[in-house]
There are 2 protein chains.
Amino acid sequence: MKTLTRKQEIVATASKLFKEKGYNAVSMRDIAQAMGIKAASLYNHISGKQEILSTLILEVAIEFTNGMQTVLAEESSPVQQIERIIEMHIDITVNYSEGLAALNNDWMHLENDELRSFIRMREDYEENFRQIIKRGIAAGEIQARQPEVILFSILSTLRTLYLWYQKRGKLDVNVLKQDMVAVFLHGIVNKL
Amino acid sequence: MKTLTRKQEIVATASKLFKEKGYNAVSMRDIAQAMGIKAASLYNHISGKQEILSTLILEVAIEFTNGMQTVLAEESSPVQQIERIIEMHIDITVNYSEGLAALNNDWMHLENDELRSFIRMREDYEENFRQIIKRGIAAGEIQARQPEVILFSILSTLRTLYLWYQKRGKLDVNVLKQDMVAVFLHGIVNKL
DNA sequence: AAAAGTAACTAACAATCGTTAGTTTTGTAA
DNA sequence: TTACAAAACTAACGATTGTTAGTTACTTTT
């Protein structure tokens, strides 16, 4: 276990508070108190509240972007790629569950370049996913429904997984991956 | 079109702002300005910012609770009930898209009785849904996976539908219902 | 015409916000 | 032991927050 820098400790502490109450409802004094220091002391390690948020969000966003590139580079079939994306999402969720809350709920409080950069990464990610689905439909591997509905169903489930994973935390990660892939690929109805 | 009371206008205006920036990032002065009046004037119609939030959220929460009761009362098969729940969710999303943002993202800023009451309604709703799934599995209608995974997959998709519905708003509601039911019941993979 | 009610206004409040300046303590290296 | 840097502290700033008090203008009811 690598020892964290003080900045990393601040970001980690803040992310837990952001997850519970949201970026705007957490004050610098709240963050400082959770670390047992005063608010002004935080500024020895970070430039401001904004930096905490952007560090947190962009770290996770880059993780997703890299994950998608890895999956695309494998050049397997569309259905296999979707399987891999689901598994990747679950892995990232387990490792970055606090950051995911900020990424989902507080990204709009980013500013300027960081906001633009985040939106860009998100759009690219969705577009890559959409293309995989469209290739699957064109190849006859995937049912010919609205690609947008398929994309949205899978993605919104994966994006809010962080809310459930710890609440029902007893679920084994591999069972989760297995069942979630099965639900989306084959549905829930028992075939005769 | 029924004419709105002034309080309803305030809640409607606020809900649009809450959707974009979140409860805590919207000030009473923001809400007032959006209505072309001063912040203090809002207090002629509402008791405070909290009342705006709780009015907004509880209205939609009751809608869901009633919808679930209607579906349960029909006593159709578990799979048919799940179909109906998906359709109900889509209908509510179309009619209350701003309120849904607050319900999903800002419910934790409710206080006291209203917070407790909301959590209770949400737990009951999830438990009812979970029981339907379990009955479906017991009856052999639904595949024997972790009920929690099935519940979560469907519910998180439905809960974040409000984010997508207007962005890709060109989608017909009936096509949406049809494709979304198909995705969850039968999956996305083409069977041979 | 008088009275009551509705809904806006101005002005200000105490509290809290993110942040800065300047100072003191703490730990490490020479 | 001295010197230096890291990281904490106190105190305060200007801005903004939700809210209250008191007042004014317009409309409806008596």
Side-chain angles (χ1 to χ4, degrees), chain A residues 2-58 101-102 105-115, chain B residues 2-58 101-102 105-115:
Chain A
K2 183 103 190 334
T3 71
L4 298 176
T5 68
R6 206 76 176 115
K7 175 176 171 181
Q8 288 173 316
E9 286 183 53
I10 293 173
V11 172
T13 302
S15 69
K16 285 171 194 158
L17 297 176
F18 291 167
K19 181 176 182 179
E20 283 173 19
K21 310 202 290 174
Y23 178 73
N24 272 288
V26 176
S27 70
M28 293 300 273
R29 287 165 179 83
D30 290 335
I31 298 169
Q33 192 177 39
M35 300 189 66
I37 61 177
K38 300 289 176 177
S41 307
L42 295 171
Y43 290 81
N44 285 318
H45 309 96
I46 49 144
S47 67
K49 198 182 179 189
Q50 268 288 314
E51 193 189 355
I52 300 178
L53 185 67
S54 58
T55 301
L56 190 53
I57 290 181
L58 291 180
N105 303 321
D106 292 318
W107 62 267
M108 71 283 279
H109 301 118
L110 291 172
E111 288 173 358
N112 306 324
D113 280 350
E114 275 140 1
L115 176 59
Chain B
K2 185 106 185 334
T3 72
L4 297 175
T5 67
R6 206 73 175 119
K7 174 177 172 180
Q8 287 173 317
E9 285 183 53
I10 292 173
V11 171
T13 302
S15 69
K16 286 170 192 159
L17 297 176
F18 291 167
K19 181 174 182 181
E20 283 173 19
K21 311 203 290 172
Y23 177 72
N24 271 288
V26 175
S27 70
M28 294 299 274
R29 287 166 179 82
D30 291 335
I31 299 169
Q33 192 177 39
M35 300 189 66
I37 62 177
K38 300 289 175 178
S41 307
L42 296 170
Y43 290 80
N44 285 318
H45 310 96
I46 48 143
S47 66
K49 199 183 177 187
Q50 268 289 313
E51 193 190 355
I52 299 179
L53 185 67
S54 60
T55 301
L56 190 52
I57 290 182
L58 291 180
N105 303 321
D106 293 317
W107 62 268
M108 71 284 279
H109 301 117
L110 291 172
E111 288 173 358
N112 306 324
D113 279 351
E114 273 141 2
L115 177 59

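Just so it is clear, the structure is predicted and the values come from calculations on it, not from any experiment. Proteins get letters first, then strands, A, B, ... in listed order; numbering begins at 1 in each.
Protein atom CG of D30(B) is 14 Å distant from nucleotide atom C1' of dA15(D), rounded to whole Å. At whole-Å resolution of the value, NE2 in H109(B) and P in dG18(D) are 12 Å apart. For R29(B) and dT16(C), the CZ to C1' distance is 13 Å, given to the nearest whole Å. Distance CD1 (I46(A)) to C1' (dA7(D)): 13 Å, rounded to an integer number of Å. For K49(B) and dT16(D), the NZ to P distance is 15 Å, given to the nearest whole Å. The CD1-C1' distance, from I31(A) to dT19(C), rounds to 13 Å in whole Å. Computed from coordinates, the N24(B) CG to dG18(C) P distance equals 11 Å when rounded to whole Å. Here dA11(D) presents its C1' atom at 17 Å from CE of M28(A), a figure rounded to the nearest Å.
Contacts of N112(A) classified as side chain to side chain donor-acceptor pair (under 3.5 Å), with partners at least two apart in sequence or in another chain: none. Under the side chain to side chain contact (heavy atoms under 4.5 Å, CB included) criterion, E9(B) pairs with L4(B), R6(B), M35(B), not counting sequence neighbours. In this structure A34(A) satisfies the side chain to side chain contact (heavy atoms under 4.5 Å, CB included) test together with T13(A), L17(A), sequence neighbours excluded. Listed by chain and number, the residues in a ring-ring contact (aromatic ring centres under 6.0 Å, His included) with Y23(A) are F18(A), H109(A) (sequence neighbours excluded). Considering only residues two or more places apart in sequence or on other chains, K21(B) meets the side chain to side chain contact (heavy atoms under 4.5 Å, CB included) condition with A25(B), V26(B), D30(B). Applying the side chain to side chain donor-acceptor pair (under 3.5 Å) criterion to N105(A), with sequence neighbours excluded, gives Y162(A).
Near DNA chain C, meaning a heavy atom under 4.0 Å from it, residues 10-20 of chain A has no residue at all.
Atom CG in L53(B) sits 11.0 Å away from atom CD1 in I46(B) (nearest 0.5 Å). Atom CD1 in I10(B) sits 13.0 Å away from atom CG in L56(B) (nearest 0.5 Å). Note: M28(B) CE to Q33(B) CD = 14.0 Å, rounded to the nearest 0.5 Å.
Applying the salt bridge (Lys or Arg N to Asp or Glu O under 4.0 Å) test to every pair with at least one member in residues 32-46 of chain A, sequence neighbours left out, gives no pairs at all. Applying the salt bridge (Lys or Arg N to Asp or Glu O under 4.0 Å) definition to pairs two or more places apart or across chains, those involving residues 40-58 of chain B are K7(B)-E51(B).
The heavy-atom pair separating I52(B) from V11(B) by the smallest distance is CG2-CA, 4.2 Å.
Looking at heavy atoms from C-beta onward, W107(A) lies in side-chain contact with L115(A) at the 4.5 angstrom threshold.
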Restricting to nitrogen or oxygen on both sides, can you table the protein-nucleotides 26-29 of chain D pairs closer than 3.5 Å?
none

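Fit an axis to the five pairs at each end of the helix from dA1(C)-dT30(D) to dA30(C)-dT1(D) and the two axes sit 10° apart, to the nearest 10 degrees.
Checking the phosphate oxygens (OP1, OP2) of dT16(C), no side-chain nitrogen or oxygen of S27(A) falls inside 4.0 Å.
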message: Treating primed atoms plus P, OP1 and OP2 as sugar-phosphate and everything else as base, which nucleotides of nucleotides 5-11 of chain C get B, S or - for protein heavy atoms under 4.0 Å?
response: --BBBBB

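The backbone N or O of Q50(B) sits less than 3.5 Å from a side-chain atom of S54(B), completing a donor-acceptor pair.
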